[in-house]
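Down below is the structure, laid out as structure tokens.
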Amino acid sequence: MTQVVIAPSYGNRASQQRFAETLEKAVPFCERQFADLLTDGQRIELLALHSSGEAPFWAATSHHDKNMDRLKTGDVVLFTGLKHVQGVGEVGYSFRNAAFADSLWPPDAGGDSWSNVYSLLNFQRVLIPYEEIWALPGFNANDMFMSQRHLSPDRSDAILNGLAIETRTQALEQVRKEEALTGALVGGAAKVIGAEAVHTTETSYERVAGVTLVRRAEALLVKEYRSTLTGVTADRTKASVGVTDLYVTGPSGVQIIEAKSSAEHRFVREALGQLLDYAPHSPLSADRLAALFPMRPADADVALLHRYGIDCIFRKGPGDFVRLEAPSATRAYMRERWSAS
């Protein structure tokens, strides 16, 4: 299970300077001024993950020793300050070394050393308003994220799903599974078809992605659409299968909306599958399902949604959205299936 850590890091001028010097700019840990402060084991572990000899770093004081001992490669850190998530990173190697920490972040007179150091496999600069996290299940409005915290599994899952964070560790695990399957399939084929078997199988992974926020455009689309709604409550809700983009309740009932950053066919299919997955797990029986797009999908794709009783909503212009409703008879028929346990 990927753990999410909240790390306040941008609330004042001193922390902003540290942010710029060791997060936005990689630290050349193999240079003598740093390398001499690392143990042989720490240097080996760092080079195994950062072969270039440089990496972004962050840290926590000894007050967090117990929690930091549980930090592992692939965990996700949200770097917060000024009412925004300022950056997102994936933990690389975590270790305890006060001398190395003090060379990067000299403690204030009488202050604690940031002795719990961790490298980051990837660091991405972002600007996500706290409101997007407050809207997720399990979080409270007006939480300023002022202290470091290690989130519970439920809250970690809500963050990863709600902000659509995918880590390099997850991507590499998928690569390993695919390679294992490829090997098994090629081996099996060779036993059956002999000379016709595939002789070589190569898959080139030019770049395995680091931490990525793949749905920023979707989040902005949802925000704009939400601003057009009146007389209803529009939140997000977490089901066992994921976090909805919008869960709307009002006089006309319950509506689940899934947003996509493109109206291309594969995105329409993805929205269709997610909505049909979410509906049976809705806290209240869903009266409508709708897919939200930045532009009008092709007629065939609108028909695909309508075939399953799903409305199509698309952005016509700033603050202007059009809803293409599914036939009411089809929606009524499908609603019985959405609600089936």
Side-chain angles (χ1 to χ4, degrees), residues 4 6 76 78 80 83-85 88 126-145 149 151-165 213-261 267 270-294 305 309-315 319-323 325-326 331 335 338-339 341:
V4 174
I6 302 292
V76 169
L78 304 187
T80 60
K83 292 193 68 176
H84 287 78
V85 177
V88 181
V126 298
L127 197 65
I128 304 174
Y130 286 172
E131 285 82 357
E132 287 194 29
I133 299 178
W134 296 343
L136 296 174
F139 291 89
N140 300 317
N142 300 316
D143 186 342
M144 291 293 108
F145 305 112
R149 68 185 80 168
L151 300 184
S152 67
D154 281 350
R155 288 191 175 188
S156 292
D157 189 52
I159 288 282
L160 296 173
N161 281 283
L163 299 184
I165 298 174
L213 292 165
V214 297
R215 294 173 59 192
R216 297 306 305 144
E218 292 172 15
L220 294 173
L221 181 66
V222 168
K223 182 179 180 180
E224 183 177 332
Y225 177 71
R226 186 177 183 176
S227 70
T228 68
L229 301 177
T230 57
V232 297
T233 300
D235 294 312
R236 304 185 72 176
T237 189
K238 183 179 185 298
S240 58
V241 293
V243 178
T244 64
D245 284 333
L246 271 180
Y247 190 80
V248 182
T249 56
S252 60
V254 174
Q255 178 181 198
I256 300 174
I257 299 176
E258 179 64 25
K260 291 298 163 193
S261 60
F267 290 91
E270 187 175 300
L272 170 64
Q274 287 176 274
L275 286 165
L276 293 178
D277 195 20
Y278 288 145
H281 301 278
S282 172
L284 299 172
S285 181
D287 298 287
R288 282 179 181 261
L289 304 180
L292 174 64
F293 302 100
L305 294 170
I310 297 172
D311 294 350
C312 175
I313 305 170
F314 67 91
R315 184 179 187 268
D320 184 11
F321 291 84
V322 175
R323 179 186 289 266
E325 295 192 356
R331 183 187 306 112
R335 189 163 54 230
W338 301 338
S339 304
S341 57

Exercise. Determine whether I257 and T244 make a side-chain contact, defined as any pair of heavy atoms from C-beta on separated by less than 4.5 Å.
Key: no
Quiz item: Only one of E218, K260, R315 clears side-chain contact (heavy atoms from CB on, under 4.5 Å) with F293; which?
Solution: K260
Quiz item: Just by modelled atom types, is the A291 backbone N or O under 3.5 Å from a matching donor or acceptor in the E258 side chain?
Solution: no
Quiz item: Which heavy-atom pair separates A234 from V248 by the least distance, and what is that distance?
Solution: CB-CG2, 4.2 Å
Quiz prompt | Over all atoms of both residues, closest heavy-atom pair of D311 and E325 | solution = OD1-CA, 3.4 Å
Tell me which donor-acceptor pairs under 3.5 Å the side chains of residues 132-140 have, and how far apart each pair is, sequence neighbours excluded?
unit_1 : atom_1 : unit_2 : atom_2 : d
E132   : OE1    : R216   : NH1    : 3.0
E132   : OE2    : R216   : NH2    : 3.1
W134   : NE1    : D143   : O      : 3.0

Exercise. Using a strict cut-off of less than 4.0 Å between a Lys/Arg side-chain nitrogen and an Asp/Glu carboxylate oxygen, indicate whether R236 and D245 qualify as a salt bridge.
Key: yes
Exercise. For the pair F321 and Y225, name the ring-plane relationship: parallel under 30°, tilted 30 to 60°, perpendicular over 60°.
Key: perpendicular
Exercise. Measure the spacing between CD1 of I313 and CZ of R323 and express it to the nearest 0.5 Å.
Key: 3.5 Å
Quiz item: Can any side-chain N or O of T228 pair as donor or acceptor with the backbone N or O of G319 at less than 3.5 Å?
Solution: no
Self-check item: Heavy-atom closest pair, residues S261 and A217
Solution: CB-CB, 4.0 Å
Quiz prompt | CG on L78 to CZ on R149, rounded to 0.5 Å | solution = 10.5 Å
Self-check item: Student check: side-chain heavy atoms of I159 and V76 closer than 4.5 Å
Solution: no
Quiz prompt | Derivation and outcome, side-chain contact (heavy atoms from CB on, under 4.5 Å), residues L272 and L305 | solution = CA-CA 7 Å; L272 170 64; L305 294 170; 4.2 Å; yes
Quiz item: Looking at residues at least two apart in the chain, or sitting in another chain, which of them share a side chain to side chain contact (heavy atoms under 4.5 Å, CB included) with D235?
Solution: R226, T233
Quiz item: So which of L127, I6, I128 actually passes side-chain contact (heavy atoms from CB on, under 4.5 Å) with V85?
Solution: I128
Self-check item: Spacing of L276 atom CG and L289 atom CG [to the nearest 0.5 Å]
Solution: 6.5 Å
Practice problem: Would you mind reporting whether T80 and Y130 have side-chain heavy atoms less than 4.5 Å apart? | Solution: yes
Exercise. Indicate yes or no for a side-chain donor-acceptor contact from D277 to the backbone of G273 under 3.5 Å, with no hydrogens or angles considered.
Key: no
Practice problem: Write down the atom of P283, the atom of T237, and the distance for their closest heavy-atom approach. | Solution: CG-OG1, 3.7 Å
Quiz prompt | Point-to-point distance, once rounded to the nearest 0.5 Å, from NZ of K238 to CG of D157 | solution = 4.5 Å
Quiz item: What pairs with L284 under side chain to side chain contact (heavy atoms under 4.5 Å, CB included), at least two apart in sequence or on another chain?
Solution: Y247, V254
Quiz item: Between the main-chain N or O of Q255 and the side-chain N or O of R288, is there a donor-acceptor pair closer than 3.5 Å?
Solution: no
Quiz prompt | Which residues share a side-chain hydrogen bond (donor to acceptor under 3.5 Å, both in side chains) with S285, sequence neighbours left out | solution = S339
Quiz item: Between I165 and V4, does a side-chain contact (heavy atoms from CB on, under 4.5 Å) hold up when you go through it step by step?
Solution: CA-CA 11 Å; I165 298 174; V4 174; over 6 Å; no
Quiz prompt | With S227 via side chain to side chain contact (heavy atoms under 4.5 Å, CB included) - residues at least two apart | solution = none
Quiz item: A259 and L221: which non-hydrogen atoms are nearest, and at how many Å?
Solution: CB-CD2, 4.5 Å
Quiz prompt | Residues which pass side chain to side chain contact (heavy atoms under 4.5 Å, CB included) with V322, listed by chain and number, not counting sequence neighbours | solution = F314, K316, L324
Practice problem: Measure across S282 and I256 and return the closest heavy-atom pair with its distance rounded to 0.1 Å. | Solution: CB-CD1, 3.9 Å
